[in-house]
Every structure is written in C-alpha cells, then in structure tokens.
There are 2 protein chains.
Amino acid sequence: MGITKSEKFTEQQNQIANFAKAFGHPARVAILQHLFKINTCICGDLVEEIGLAQPTISQHLKELKNLGLIKGNIEGTKVCYCIHKENWTKMKLVMNEFLDQDILTTECC
Amino acid sequence: MGITKSEKFTEQQNQIANFAKAFGHPARVAILQHLFKINTCICGDLVEEIGLAQPTISQHLKELKNLGLIKGNIEGTKVCYCIHKENWTKMKLVMNEFLDQDILTTECC
DNA sequence: TACTTTAATCGTAATATTGCAATGTATTAA
DNA sequence: TTAATACATTGCAATATTACGATTAAAGTA
C-alpha cells in the first residue's frame, strides 16, 4: 500500500528511518556533500553542480530543510543554504547509536 | 517520475543512498535491532516481534539480504537470520565517512 | 503417504517518490 | 514601471515502495 505503519514502531526507530530516508537519494547526498565542501554557503549553483532541474533540486532542498539538516537564508534574489550544524550533530548521535551496535553474537550462518 | 537518475551521481553517492534507503523504513530498523539484540539468531519470530504480516517481513528481509547486511540460513522448515558482520562493518565505514564530514565553515544563516 | 509447519513468491491495491514543465513570487536592475 | 534573475510552488506523469491475501515450495511429522 506504499504506506508505512509508523505506529507499530518506536519513536526512535521512526526517527532513524526518517533521517535515513533523507540520505536515501543520491541527489540529497550530493547536495549535503557539496554544502560541506564549499566554504561559502551555496545557493542555486547546486542546480548546475548536481545536474537536475531547478524544481527538482528545490524539492530536495525542501525535504532536507524540513528535517532540519540544512538552513536557508534569502539574500536578494538568491538563497543561501548551509548545513545546520547543531541538528547535524544531533542526527549523528541518533544514527551512530544505531550503526554502532555491538555485535555480541557469533554469526549463525 | 519516481525514477532516480543514478547515473548522474558517483558510485560512492549511490552506495550511501542505497544503504540509507535500507534504513529508511522503521520495520527494517526494527529487524536489524532485533537481530543485534537477540543472541540466538532469529527466524520468523520477527513476524511476531515486528507485528507486520509474514510476507511483508519476508520482503524486508529479502532487501536486507540483497544488500548483504544480513545472512539467512535454512534450518529445517525454519530460516535463521543474522547480521553479516563483515559487511556491516564495511557499511559503517561508508556511512561514517559521510556522516562525519567536518564542518569547516561557519554557518551563513 | 498425507498432513503440518515455515517461509518465499505472486499478484495486486494503495500510497509515496522522483522529475520536470509551467507558473508564481520576490527582489534587483534598467 | 518594466524586464530580468533566482527560486518556490503547482500539477502531473512515470516509477517505486509498502502491505498483505493467496499460493507455492520445502522440510519435518504422523
């Protein structure tokens, strides 16, 4: 049904899934990497950099902004985006708790 | 169009996105957490544990297996699943390189 | 053999995601 | 004011994902 039964899972599990979903598209990965790489905050050069149409990039940026991973600031006709440091750090804590689980058991198979 | 233009991105970006997509559903997060938690490798108790229908769980398990994050072993009429340690470690390297990027810039906004 | 158990697969419905052309909205420049 | 620039939004088509009933396949049990 394409609908995720979020109510069956813990808040933590849904949170992990939501962050992961944001990274689940290479364009959003590329956008974030670019924002990290460029010292000056980048606006719509992302469209050229990534190579997708402007509305598509705008949509991906919106998702990242809604999750709180980036911020946008209007500067004249341009918009300047950058990583939301504090939230990025918080996100890392959540993801690392999941990724860094200790593997206590020996493999069964 | 619902189709991701993977060819526009680097192999690394696609790899990150593919791993992230696997974690982008709380059921798969829950499955993995359960496999980590339980000392004995778990088979279809996952169906009871997670609370989704058996074909649904089976489908999620298949995705995780295709990505190489878990292994399955047939034991009689049951199937025993566990984390694929080596691949999990490799996945962590890829994800951490992405997540742990240094934020050199000051925020612009 | 026939029956049971367990899990995979098939088929399908409902919903979500991706991508972009067209359009709208500010802001700046002329 | 008019035109240009930069980006957001809308609307829609194509594809992907999620979920599960029904069925199948494989192995154990009576």
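The basis for the numbers below is simple: all heavy atoms, side chains too, and nothing from hydrogens, waters or symmetry mates. Because the structure is predicted, anything quoted here is derived from the model rather than measured. Residue numbers start from 1 in every chain, and the chains themselves are labelled A, B, ... in the order their sequence lines are given, proteins ahead of strands.
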### Task
Would you tell me if any nitrogen or oxygen in the side chain of His60(B) comes within less than 4.0 Å of OP1 or OP2 on dT17(D)?
no

### Atom-to-atom span, CG of Asn73(A) to C1' of dT27(C) - whole angstrom
14 Å

### Task
Can you tell me which residue pairs pass the salt bridge (Lys or Arg N to Asp or Glu O under 4.0 Å) test with a partner in residues 10-23 of chain A, sequence neighbours excluded?
none

#### Entry: Asp45(B) CG to dT5(C) P, straight-line distance once rounded to whole Å
16 Å

### Message
Can you give me the closest heavy-atom contact between Ala22(B) and Leu64(B), atom names plus distance?
### Response
CB-CD2, 4.3 Å

### Query
Hey, does the side chain of Lys5(B) come within less than 4.0 Å of dC20(C)'s phosphate (OP1/OP2), counting only N and O?
yes

### Message
Please report the interatomic distance OG1(Thr4(A)) to CG(Asn18(A)), rounded to the nearest 0.5 Å.
### Response
9.0 Å

### Message
What contact category does Glu75(A) fall into here, base, sugar-phosphate, or nothing, at under 4.0 angstrom with non-hydrogen atoms?
### Response
nothing

### Query
Crowded around Lys78(A) NZ? As in, over 12 foreign heavy atoms under 6.0 Å?
no

### Task
Remember a base hit wins even if backbone is also touched, and classify Thr4(B) as base, sugar-phosphate or nothing at under 4.0 Å, heavy atoms.
sugar-phosphate

### Query
Does Tyr81(A) place a side-chain N or O at less than 4.0 Å from the phosphate oxygens OP1/OP2 of dA8(D)?
yes

### Query
Whole-Å distance between dC20(D) C1' and Ile50(B) CD1?
16 Å

### Task
Let me know the distance between CD1 of Ile3(A) and C1' of dA13(C), rounded to the nearest Å.
12 Å

### Summary
Ile74(B) CD1 to dG28(D) P, in whole Å, measures 11 Å

### Message
What's the separation between atom CG in Leu32(B) and atom CD1 in Ile70(B), rounded to the nearest 0.5 Å?
### Response
7.0 Å

### Query
Where each residue is assigned the nucleotide of DNA chain D containing its nearest heavy atom, which of Ser6(A) and Gly44(A) is assigned the position nearer the 5′ end?
Gly44(A)

#### Entry: His25(A) side chain, from C-beta outward: closest of dT9(C), dG19(C), dT9(D)
dG19(C)

Would you list the protein and nucleotides 21-26 of chain C atom pairs, both N or O, that sit under 3.5 Å from each other?
none

### Query
Starting at CD1 of Ile42(B) and ending at P of dA7(C), how long is that distance when rounded to a whole Å?
10 Å

### Query
Rounded to whole angstroms, how far apart are CD1 on Ile70(B) and C1' on dA8(C)?
13 Å

### Task
For Trp88(A) and Leu99(B), indicate whether the former's side chain and the latter's backbone hold a donor-acceptor pair under 3.5 Å.
yes

### Task
With heavy atoms under 4.0 Å as the rule, sort Lys21(B) into base, sugar-phosphate or nothing.
sugar-phosphate

### Approximate separation, where rounding is to 0.5 Å, of Gln101(B) CD and Lys37(A) NZ
10.5 Å

### Message
Please confirm whether the shortest side-chain N or O distance from Thr56(B) to OP1 or OP2 of dA19(D) is below 4.0 Å.
### Response
no

### Message
Give me each pair satisfying salt bridge (Lys or Arg N to Asp or Glu O under 4.0 Å) with a member in residues 26-35 of chain A, each pair once, sequence neighbours excluded.
### Response
Arg28(A)-Glu63(A)

### Query
Could you state the NZ-C1' distance from Lys65(A) to dC7(D), rounded to the nearest angstrom?
10 Å

### Message
Is it the case that the base of dC20(C) and the side chain of Gln59(A) share a donor-acceptor contact (distance under 3.5 Å, atom types as modelled)?
### Response
yes

